[in-house]
A.B. asks: 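I'd like to ask some things about the structure below.
Values below: every heavy atom of this structure, side chains too, minus hydrogens, waters and symmetry copies.
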Amino acid sequence: MNKIYKFSAWWMVCLILLSSLTFTACETNDVDTNQYKGGISLNVFGPSPVLRGGELRFLGCGMDQVASVLIPGCDAITDIQLISAEEIRVIVPQTALPGYVTLMLRNGESIVTKTQLTYSEPVSIESFSPESVRPGDVLTIKGEYLNLMHQVIFAENVIVSDEVIAEEEATEATSKFLKHTRNEIQVRVPEEAQSGKIILSDGAEIPNRLYSEVELQVVLPSVAELADYNNIKPGAIMTVTGENFDLVKEVRMENGEKVEFEFSAENKTLQFTLPANAVSGFIYVVPASGVRIPVASIELAKPGNFSCATSDVAAGGQITIQGENLDLVSAVIFSGEVEGEIISQSPEQLVVSVPALAQSGIVTFKMTNGEQVSALNLTINQPCHIVSSLEDDFEAGKEMIVEVANGELLTEVKINGVTVTHTLEGTQLKIKVPETAGANSILELVSSDVSVKYTVSFAKVIWTGSFVTTSAWEGNQDLGWGNYDWSSVQPGTIITVYYTLDMEETNWQIKLGGCAIGWNPLPTIPSQSLEAGSTRFSATLTAEDLLVLSQDNNAGLVVSGCNFTMTKITLK
């Protein structure tokens with residue numbers, strides 16, 4: 001670090017902006033060389049005077065289109081730091097001479113500054129010591145006119161200032177200069193500091209920044225040899241030996257998860273327990289700087305040796321799986337994305353229930369850390385089950401028709417635990433739905449000793465007929481004035497009005513109103529416009545709506561609107 005960079009002190013008083021350049025918005029250009037939005041323009045550059053070896057900034061529009069910077073006395077500078085499309089930075093070479101600066105653009109054109117760049121001379125970095133430091137050590141920087149510099153910047157923009165930094169966590173020892181004279185700066189190395197060049201800055205809005213020639217080495221935690229663990233299980237206690245472990249703030253897994261640890265200064269060790277969600281890969285120690293240092297490599301044990309007494313099993317039964325490391329299994333997933341219940345578990349054996357809807361194919365073991373292992377390939381003998389959609393509008397008191405597979409195995413059908421009448425015609429199963437069936441009813445298909453259960457919401461028809469509305473907004477009051485017991489309806493029930501639209505019109509509207517409130521809309525269901533081609537309107541009845549419908553003997557529902565014919569109303 002023998003090279004000295006100099007510049008005169010007076011440049012610190014002000015930043016000379018180019019007299020003929022103004023800091024305009026990017027839509028108003030000094031130079032517009034191509035079709036880019038806002039064009040390419042230089043609004044300002046600085047600082048000027050600038051320090052040889054220091055940083056020169058260019059602000060404008062389309063700065064990302066600059067290919068090189070030409071400064072008198074220097075070769076073309078192509079090492080350009082791109083901050084954004086509005087800013088670039090370069091380091092001024094020691095051979096730089098006063099003169100106009102040229103920005104060479106990627107399209108072959110150029111922008112020349114309208115003011116000459118000038119230089120400041122005397123500020124210099126002569127040396128710093130020690131060249132290798134630990135966080136908390138005192139770093140001494142020697143040079144000339146260092147009293148003009150107000151910040152020491154470590155790698156990754158970790159800044160120490162000659163004034164206390166306004167941060168609650170900053171301590172007096174690390175947030176300001178310990179010594180600040182013309183020839184010397186002393187600072188305490190922050191915990192967050194990383195290895196890299198030291199930068200001195202005057203702290204101005206467009207600052208002069210002077211870089212050290214060599215990099216400062218910041219000591220990190222280290223190990224002489226990477227610890228290697230194979231076939232290890234969560235819960236294992238691990239011990240890692242190394243140097244400077246007192247700097248460790250965190251221990252992290254490969255997936256970024258933190259691990260609680262204990263540090264022994266006497267033994268120079270870190271000790272921690274491998275968590276349940278541990279993953280294979282490196283284990284890192286992390287100091288305050290955030291640098292990750294690998295100290296161990298682990299390969300987790302996995303369930304293995306994929307065996308079962310038979311590969312042909314019945315859905316609804318159980319299977320016993322033999323193997324190793326089966327205690328690591330947290331879930332057993334059968335083909336068809338259905339999960340079996342783990343009944344008993346040990347490192348060598350797993351007893352699992354086979355879901356009724358499990359399909360033939362690969363069984364997958366899932367572990368707590370999210371990793372999966374493909375295990376057995378099983379043939380599943382399924383019971384009778386539904387293969388068609390259960391999203392249709394099935395009504396209480398009517399016949400429900402669904403498509404099934406393995407219908408020949410069906411022995412009984414139940415709804416809410418009660419056996420109901422059914423007929424099977426090929427793959428079509430017809431079920432007589434009781435009048436009492438409602439929302440979230442349980443439909444059960446029984447095949448000998450195996451049953452498959454489904455949750456089905458059956459709609460209750462509370463009105464049918466043919467009620468015509470015209471532009472006069474007629475209202476149907478059949479469910480009003482005490483004609484229906486709305487007090488038996490639960491909040492959250494879905495009411496659906498079925499209709500056909502009058503296609504000679506283009507304005508269709510519907511209103512669910514309360515008799516007791518002068519036919520005004522229910523509190524949470526405003527009047528609605530109906531879409532062309534629609535056949536139904538659904539809304540959820542809240543406790544507030546039901547209070548209006550059932551609050552006295554004259555309460556109830558009135559359905560009104562225009563240009564449709566109402567055919568049915570259901571609750572579900």
A.B. asks: Taking atom NZ of K572 as the centre, report whether more than 12 heavy atoms of other residues, nucleotides or ligands fall under 6.0 Å from it.
C.D. replies: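 More than 12 within 6.0 Å, yes.
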A.B. asks: Between Q509 and N507, do the side chains contain a donor N or O and an acceptor N or O under 3.5 Å apart?
C.D. replies: yes
A.B. asks: Give a yes or no on whether a salt bridge exists between K568 and E395, defined as a side-chain N under 4.0 angstrom from a carboxylate O.
C.D. replies: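 Between E395 and K568 there is a salt bridge, with a charged N closer than 4.0 Å to a carboxylate O.
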A.B. asks: With side chains defined as the heavy atoms from C-beta onward, is the minimum distance between L501 and T535 less than 4.5 Å?
C.D. replies: no
A.B. asks: Looking only at side chains, do D478 and W463 share a donor and an acceptor under 3.5 Å apart?
C.D. replies: yes
A.B. asks: I'd like to know if the side chain of N267 and the backbone of S264 have a donor-acceptor N/O pair within less than 3.5 Å.
C.D. replies: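 A pair under 3.5 Å: no.
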A.B. asks: May I ask you to test the I83-Q81 pair for a side-chain heavy-atom distance under 4.5 Å?
C.D. replies: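 They are in side-chain contact.
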A.B. asks: So do S222 and I293 actually touch side chain to side chain, heavy atoms under 4.5 Å?
C.D. replies: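 A side-chain contact is absent here, since even the closest heavy-atom pair is not under 4.5 Å.
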A.B. asks: Would R134 and L247 count as a side chain to side chain contact (heavy atoms under 4.5 Å, CB included) here? Give the steps.
C.D. replies: CA-CA 9 Å; R134 282 171 49 95; L247 300 177; 3.8 Å; yes
A.B. asks: So, E191 and K249, do they make that salt bridge, N to O below 4.0 Å?
C.D. replies: yes
A.B. asks: Check each of N325, L328, L274 against L300 using the side-chain contact (heavy atoms from CB on, under 4.5 Å) test, and report the only one that passes.
C.D. replies: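 Only match with L300 under side-chain contact (heavy atoms from CB on, under 4.5 Å): L274.
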A.B. asks: Less than 6.0 angstrom from the centroid, inside 45 degrees of the normal: does R536 satisfy that with respect to the ring of Y498?
C.D. replies: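 No; the conditions do not both hold, so R536 does not lie above the ring face of Y498.
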A.B. asks: Do any N or O atoms from the side chain of E348 and from the backbone of L326 form a donor-acceptor pair under 3.5 angstrom?
C.D. replies: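 A pair under 3.5 Å: no.
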A.B. asks: Do T469 and S560 make a side-chain contact, defined as non-hydrogen atoms from C-beta onward lying under 4.5 Å apart?
C.D. replies: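 No; the side chains remain at least 4.5 Å from each other.
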A.B. asks: Run the numbers on T419 and E412 for side-chain hydrogen bond (donor to acceptor under 3.5 Å, both in side chains), then give the verdict.
C.D. replies: CA-CA 7 Å; T419 300; E412 187 180 14; 2.4 Å; yes
A.B. asks: Are I342 and V332 close enough that some pair of their side-chain heavy atoms sits under 4.5 Å apart?
C.D. replies: yes
A.B. asks: Under 3.5 Å, is there a donor-acceptor pair linking the side chains of E444 and S451?
C.D. replies: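 Present: a donor and an acceptor within the cut-off.
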A.B. asks: Just by distance, with hydrogens left out, do Q194 and S289 show a side-chain donor and acceptor under 3.5 Å apart?
C.D. replies: no
A.B. asks: Can you tell me if E391 has over 12 outside heavy atoms packed within less than 6.0 Å of its CD?
C.D. replies: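 No, the 6.0 Å shell around CD holds no more than 12 heavy atoms from other groups.
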A.B. asks: Indicate yes or no: does K430 engage E425 in a salt bridge with an N to O separation below 4.0 Å.
C.D. replies: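 Yes, this pair counts.
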A.B. asks: If the condition is side chain to side chain contact (heavy atoms under 4.5 Å, CB included), which residues does P355 pass it with, not counting sequence neighbours?
C.D. replies: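 Result, side chain to side chain contact (heavy atoms under 4.5 Å, CB included) vs P355: F334, V338, A358.
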A.B. asks: Distance-only, no hydrogens or angles: does the T411 side chain make a donor-acceptor pair with backbone N or O of S448 under 3.5 Å?
C.D. replies: yes
A.B. asks: Please assess K268 against D246 for the test salt bridge (Lys or Arg N to Asp or Glu O under 4.0 Å), listing each intermediate value before the final yes or no.
C.D. replies: CA-CA 8 Å; K268 298 182 178 181; D246 58 313; over 6 Å; no
A.B. asks: If only atom types and distance count, is the side chain of W508 paired as donor or acceptor with the main-chain N or O of S529 below 3.5 Å?
C.D. replies: no
A.B. asks: Any side-chain to backbone donor/acceptor pair from K511 onto W519? Under 3.5 Å, distance only.
C.D. replies: yes
A.B. asks: Looking only at side-chain N and O atoms, does N440 offer a donor or acceptor that is under 3.5 Å from a partner on T455?
C.D. replies: no
A.B. asks: Which atom pair, heavy atoms only, marks the closest approach of V240 to F245?
C.D. replies: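 Heavy-atom minimum between the residues: O-CE1, 3.4 Å.
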A.B. asks: Would you check if there is a donor-acceptor pair between the side chains of S487 and S550 at a distance under 3.5 Å?
C.D. replies: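 Not at all, the side chains of S550 and S487 share no donor-acceptor pair under 3.5 Å.
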A.B. asks: Can you list the steps and then say if Y284 with E250 is a side chain to side chain contact (heavy atoms under 4.5 Å, CB included)?
C.D. replies: CA-CA 8 Å; Y284 301 91; E250 294 176 350; over 6 Å; no
A.B. asks: Hey, is the main chain of L390 close enough, under 3.5 Å, to the side chain of Y454 for a donor-acceptor pair?
C.D. replies: no
A.B. asks: Quick one: does V248's side chain get under 4.5 Å of F261's, heavy atoms only?
C.D. replies: yes
A.B. asks: Does the side chain of P526 reach to within under 4.5 Å of the side chain of Q528, using non-hydrogen atoms?
C.D. replies: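 Side-chain contact under 4.5 Å: yes.
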A.B. asks: If you count every heavy atom of other residues, nucleotides or ligands that lies below 6.0 Å from K460 atom NZ, does the total exceed 12?
C.D. replies: no
A.B. asks: Contact between V286 and V291 at the side-chain level, heavy atoms closer than 4.5 Å - yes or no?
C.D. replies: no
A.B. asks: Is the side chain of N406 donor-acceptor paired with the backbone N or O of Q382 at a distance under 3.5 Å, no angle test?
C.D. replies: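 Looks like yes, one N/O pair under 3.5 Å.
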